[in-house]
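Reminder, nothing fancy here: chain letters follow the sequence lines and each chain counts from 1. Computation of the quantities below employed the complete heavy-atom set of this structure, encompassing side-chain atoms and omitting hydrogens, waters and symmetry-equivalent molecules.
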Amino acid sequence: MRWSQLLITTLRESPQDAEIDSHKLMIRAGLIRKLAGGLYTFMPLGLRALKKVEAIVHEEMDAAGAQEILMPALQPAELWERSGRYTTMGPGMFRLKDRKENNMVMGPTHEEVVTDLLAREVSSYRQLPCTVYQVQTKFRDEIRPRFGLMRAKEFIMKDAYSFDTTLEAADKSYQSMYDAYVRIFKRCGLDARPVEADTGDIGGKWSHEFMVLADSGEDGIIGCDACGYAANQERAERKVSPVTGAPSPALETVDTPNARTIEEVAAFLKASPDRLIKTLIYVADGAPIAALVPGDRELNEHKLKRLIGCKSLVLADDETIMKVTGAQVGFAGPVGLKIPVYADNDLQGAVDRISGANATDKHVLHVDLARDASVTQYEDIVIVAAGDSCPRCGKPLTLKRGIEVGHVFKLGTKYSESFEATYLTEQGQSQTMIMGCYGIGVSRTLQAVIEQSHDANGIIWPISVAPFTVAILQLDAQDAALCEAVNQLEKELKANGIDVIIDDRDERPGVKFKDSDLIGFPIRIVAGSKALAKGGFEVKGRTDAEAQIVPPAEVLAYVRNLIAKEAL
RNA sequence: CGGAGUGUAGCGCAGCCUGGUAGCGCGUUUGGUUCGGGACCAAAAGGUCAAGGGUUCAAUUCCCUUCACUCCGACCA
């Protein structure tokens, strides 16, 4: 490839709307261009890198025994009505009508389509297990697209689906996808770690997310250095030690005018926030409930939702709070509440605490939960923070940020039941298939590579996904012997399966050096008269400080050696 | 959807407060001098100042509305 023929412009400055390094670099290096919010065009170099990620995904999926198919992105709404997600996905889906006024959706994912497909195609246990996958464009009407390809309205995803006869077989399918994911991310040069995760909208019982550690990540990851426990913050659990204390004095109601928030109440009563009980009123599937957490902690809505087993969980509005507590917002408390009360484990056995009095401008002192309130259930319902105790080994937990690049789910029969995906057993009995689903955000993975691997000068591509492995910077274009040597080298490298781009532009050397570093080609060969006079080309890895002068005849071997070194 | 902010040349920005029809840097084109880490000189092309309405003799500037984009929360690969 000749640079002069390539559709690419590099930018000296970062676009104003790019926030994180990987996004800035993708734009500056001319890998992607924005069409509109959350919509990007892959330029030739960006697409080359994307295709390399895809190739790795294909190889590992095929090796794991998954079969590639391609399902339509445009789907009838009817399918989504059958699974119930036509309503539960809400405005997250792009919806449209065809000319006959039939409701259609642009597929945000493919559980419905694939389950319907397998329900029709598979009728015997002999056809199972079966895992299918595709690499395809997904559409999601994200509330807030951001960070370039990280959260886009249209993106490339690899999604796989497994169908099995038994739970044990399904576990095996899950494990084989899990293992494939570990290999895929490793081959992309990514440090991605699996963490326990919440299952969210997709549903199912258990899941792991593959997280790339990055300060710009949108997810919190709780980890234990001692035992290796790792979980998404929204799912992470912790160990609490039982609370003991002297019995509370009798309840005492005090005036707390205009003190509504924990901070205000704590300041007014000169108490530390952890002595307070935060009482949150929620509406779960239409019915009000209360959730209690220590004043210095935050409620984890995911956990509460799972505990209650409700479909929707939203903070109650002012009117509901008034009705339930008889007080304005800010003065709710557990004492005397007539609705179900869920309390965090930290509050079990809590004595002498402070809470709202369910009367405007009043709080109560000396609350003993067991004595003064009726708690429906104690459970772990707070957001785990750094410093909490590991649920497995009790050592302190850490909190880091991560980018979710992959997610593997055990679905069970959630979809196979709605779509009657059944098969006949050896005994001739009809049984429901057990499913799993497995996603990789391919375009997101590409950007995650950049986020994790760059420096002040630009991208540092791993060889496995670099748009080109080798960039030859041709200086001194008027030197005929040099040009001939470059042509020769290009042929030789290509013949050996090494992709190479030649910067043949009529530019000053400095421009070529800067662009080469910005785009981040793993191996740079400078072809200039000076070095040639000294006996060869200058060869240098992207992060090497010094270039080596290598005789033309030895460049291929030298480059191969560099490639082999990284492959380790 | 809630809170904050920004829309001026391909990109990054100034001008607006204090109305008089637009400028800088990068990039692009042409010519020349240069040529190993984003060169220099000269000339040039390129703008319905987001859109619509209002105030005014006059609006990029003041006011209103709409739209788009970005940032902070819920969603997710």
Nearest-Å distance once atom [atom1] is located in both [N] and [M]:
| N | M | atom1 | result |
| --- | --- | --- | --- |
| B:C64 | B:C1 | C1' | 23 Å |
| B:U29 | B:G46 | P | 15 Å |
| B:U66 | B:G73 | C1' | 26 Å |
| B:A59 | B:G53 | C1' | 13 Å |
| B:C72 | B:U65 | C1' | 26 Å |
| B:U70 | B:G23 | P | 31 Å |
| B:A74 | B:G7 | C1' | 27 Å |
| B:U60 | B:U21 | P | 10 Å |

For A:Y86, does the six-membered ring have the charged nitrogen or CZ of A:R95 within the cation-pi criterion, i.e. under 6.0 angstrom from the centroid and within 45° of the normal?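 Pair A:R95/A:Y86 counts as cation-pi.
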Interatomic distance, [X] [atom1] vs [N] [atom2] [rounded to whole Å]:
| X | N | atom1 | atom2 | answer |
| --- | --- | --- | --- | --- |
| A:M93 | B:A77 | CE | C1' | 17 Å |
| A:R144 | B:A74 | CZ | C1' | 11 Å |
| A:M150 | B:C71 | CE | C1' | 17 Å |
| A:E298 | B:G73 | CD | P | 12 Å |
| A:Q16 | B:A9 | CD | P | 12 Å |
| A:E154 | B:A77 | CD | C1' | 14 Å |
| A:E13 | B:C13 | CD | P | 8 Å |
| A:K514 | B:C35 | NZ | P | 20 Å |

Of the nucleotides [options], which one has an atom closest to the side chain of [X]?
| X | options | result |
| --- | --- | --- |
| A:D17 | B:G36, B:A39, B:C69 | B:C69 |
| A:I143 | B:C1, B:G36, B:U70 | B:C1 |
| A:R151 | B:G37, B:C75, B:C13 | B:C75 |
| A:V526 | B:G38, B:A77, B:G36 | B:G36 |
| A:A531 | B:G25, B:G38, B:G36 | B:G36 |

Heavy-atom count around A:K51 NZ within 6.0 Å, excluding the residue itself: above 12? no
Does A:E81 CD have over 12 foreign heavy atoms under 6.0 Å away?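 Atom CD in A:E81 is packed in, count exceeds 12.
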With a non-hydrogen cut-off below 4.0 angstrom, is [X] in contact with a base, only sugar-phosphate, or nothing?
| X | result |
| --- | --- |
| A:S14 | sugar-phosphate |
| A:A152 | base |
| A:D219 | base |
| A:E142 | base |
| A:G528 | base |
| A:V405 | sugar-phosphate |
| A:E19 | sugar-phosphate |
| A:K34 | sugar-phosphate |
| A:D476 | nothing |

Considering Watson-Crick and G-U wobble pairs with both distances under 3.5 Å, what does [N] pair with?
| N | result |
| --- | --- |
| B:U33 | B:A39 |
| B:U70 | B:A4 |
| B:A59 | none |
| B:A77 | none |
| B:A14 | none |
| B:G46 | none |

Stacking between B:G36 and A:F513, yes or no? Criterion: centroid separation under 5.5 angstrom, plane angle under 30 degrees. no
In terms of the nearest nucleotide of RNA chain B, which residue is placed more toward the 5' end: A:D515 or A:G406?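 Comparing both residues, the 5'-ward one is A:D515.
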Residue mapping more 5' on RNA chain B - nearest nucleotide basis, A:P509 or A:H302: A:P509
Classify the side chain of [X] versus the base of [N] as yes if they form a donor-acceptor pair under 3.5 Å and no if they do not.
| X | N | result |
| --- | --- | --- |
| A:R28 | B:C11 | no |
| A:R146 | B:U70 | no |
| A:E507 | B:G38 | no |

Only one of A:Y438, A:F210, A:F185 passes ring pair (Phe, Tyr, Trp, His ring centres under 6.0 Å) with A:Y178, and that residue is A:F210
So which of A:R28, A:R505, A:R12 actually passes salt bridge (charged side-chain N to carboxylate O under 4.0 Å, His left out) with A:D515?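 Filter result, single survivor: A:R505.
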In sequence, state the C-alpha distance, the side-chain angles, and the governing distance for A:Q452 and A:D191, and then conclude on side-chain contact (heavy atoms from CB on, under 4.5 Å). CA-CA 8 Å; A:Q452 199 172 68; A:D191 176 18; 3.7 Å; yes
Please determine whether a side-chain nitrogen or oxygen atom of A:H110 lies at a distance below 4.0 Å from atom OP1 or OP2 of B:A77. no
Under 4.0 Å: is that the gap between some side-chain N or O of A:R12 and OP1 or OP2 of B:C26?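 No.
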Should the pair A:H208 and A:Y174 be assigned to parallel (<30°), tilted (30 to 60°) or perpendicular (>60°) ring geometry? tilted
Would A:N487 and A:E484 count as a side-chain contact (heavy atoms from CB on, under 4.5 Å) here? Give the steps. CA-CA 5 Å; A:N487 289 340; A:E484 183 44 38; 4.1 Å; yes
Syn/anti label of B:U55 as read from its glycosidic torsion, with the cut at 90° from 0: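 With its glycosidic angle more than 90° from zero, B:U55 counts as anti.
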Using 0.5 Å steps for rounding, measure from the CD atom of A:Q233 to the CD1 atom of A:I222. 4.5 Å
